[in-house]
Amino acid sequence: MKHYILGTVAALALAGAAEAQQRIVIGTTTSATSHYGVGAEAFIAKLAELSDGAFVGEQAPAGQLGGERDLIEGLQIGSVDMAISSSGPLGNFVPEVFALDLPFLFRDYDHARKVLDGEIGQELLAKVDENNLVGLAWAENGFRHVTNSQRPILTPEDLGGIKLRTMENRVHMAAFTGMGASPTPMAFPELFGALQQGVVDGQENPITVITASKFWEVQKYVSLTGHVYSPAIILASPALIDGLTEEQKGWFYEAAKVGVEANRAEVNRLEAEGVALLRENGMEVITDIDKAPFAALAEESAYAVYTDEYGTEMIDRIKAVE
Ligand code: EAX
């Protein structure tokens, strides 16, 4: 009898706690231990701390909820709570962010982080928020490099005839058409299989993603072209955020900042250690690349995709950030 009562009391207490708790699922396309996974875990821990356990987060990594376009659509309709996504498909929803996808625009990581943490980053987050999404913070994917199964890429001519998977992003596709490759847009969760089966010869991604996805199993060559900086963004569903009190909203923004710090620290680590890891796993890494001819072709073909609509003002402002 005593046991029964105690059991009931415990069960009621648990039920009460469960009721007060809100579960938040964060979708990503990369592995749970990737640079996004590390960011997501830091976010989850900080949110739990700030809310005294009222919000319990968990990851849905590795494309469990679909590709990044699916995640964004899910956020808009409220079937996905949160996501950490590259900017890849975001321009299809918020065309102003194509400004960040222009090839050879950011000089280095410091430049990109300064732009995203400053006025321009805030302005673009506000544009995101105008499109039935909530942009909590800019995070990071990294500078992208070309990998392929055919040959070392040293010049744009070497890209000739390479069937290259790109993100579903018009700016990137135009850049690769200009540089001489045959761009094939594809969602990330299909990519490993497509490389394995030879549906495409190559792809381009930062060292973070190449290592997290073990692309060495299906790609021989990586050329450190650094042709474009790939921002990421911590997104939430308006359905989630609109249901929160102001105090709770503040916790989400604060936790997102902590997530970004952890995510960038992991990008830094992989930038420092990743090339050795790629080599250890049998990839031929081409480090010494003259970027000028790639930049000339990419800029000529890709910038118009953005400037035809929005002009050059934002580009000039980004370049001017020191
Ligand atoms: O955001 O699609 C891509 O190549 C992205 O870089 C990847 O999903 C991580």
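Sequence positions, counted from 1, serve as the residue numbers for this chain. Order of listing sets the numbers, starting from 1, for every ligand and every atom in it.
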inquiry  = Which of the numbered atoms in ligand 1 are under 4.0 angstrom from any heavy atom belonging to Met167?
reply    = 2 (O), 3 (C), 4 (O), 5 (C), 6 (O)
ask   = Just wondering, are more than 12 heavy atoms of other shown residues or ligands nearer than 6.0 Å to CG in Asp288?
value = no
ask   = Is there at least one pair of N or O atoms, one from Asn141 and one from ligand 1, spaced under 3.5 Å apart?
value = yes
ask   = How about Tyr36 and Glu266: does a side-chain donor come under 3.5 Å of a side-chain acceptor?
value = no
message = Give me the nearest non-hydrogen protein atom to atom 6 (O) of ligand 1 as residue plus atom name, then the distance to 0.1 Å.
response = Asn205 OD1, 2.6 Å
request  = Verify the ring-centre separation between Phe106 and Phe143: is it less than 6.0 angstrom?
outcome  = no
Distance-only N or O hit between ligand 1 and Arg165, under 3.5 Å = yes
query = To the nearest 0.1 Å, how far is atom 8 (O) of ligand 1 from its closest protein heavy atom, and which atom is that?
reply = Thr29 OG1, 2.8 Å
ask   = Do Tyr109 and Glu271 have a side chain donor and acceptor closer than 3.5 Å?
value = yes
task = Identify, for atom 1 (O) of ligand 1, the protein heavy atom at the shortest distance, and state residue, atom and that distance.
result = Glu68 OE2, 2.6 Å
message = For Thr28, which part has a heavy atom under 4.0 Å from ligand 1: side chain, backbone, both, or neither?
response = neither
task = Return yes if a side-chain donor-acceptor contact under 3.5 Å exists between Thr245 and Glu247, otherwise no.
result = no
query = What do you reckon, does Arg144 have a nitrogen or oxygen under 3.5 Å from a nitrogen or oxygen of ligand 1?
reply = yes
query = Just which atoms of ligand 1 are under 4.0 Å from any heavy atom in Phe188?
reply = 2 (O), 3 (C), 4 (O), 7 (C), 8 (O)
inquiry  = With a sphere of 6.0 Å drawn around CD of Glu300, does it hold more than 12 non-hydrogen atoms of other residues, nucleotides or ligands?
reply    = no
query = Looking at Thr28, Thr30, Asn263, Asn141, which one forms a side chain to side chain donor-acceptor pair (under 3.5 Å) with His35?
reply = Asn141
key: Sub-4.0 Å heavy-atom contact, Gln203 with ligand 1   = no
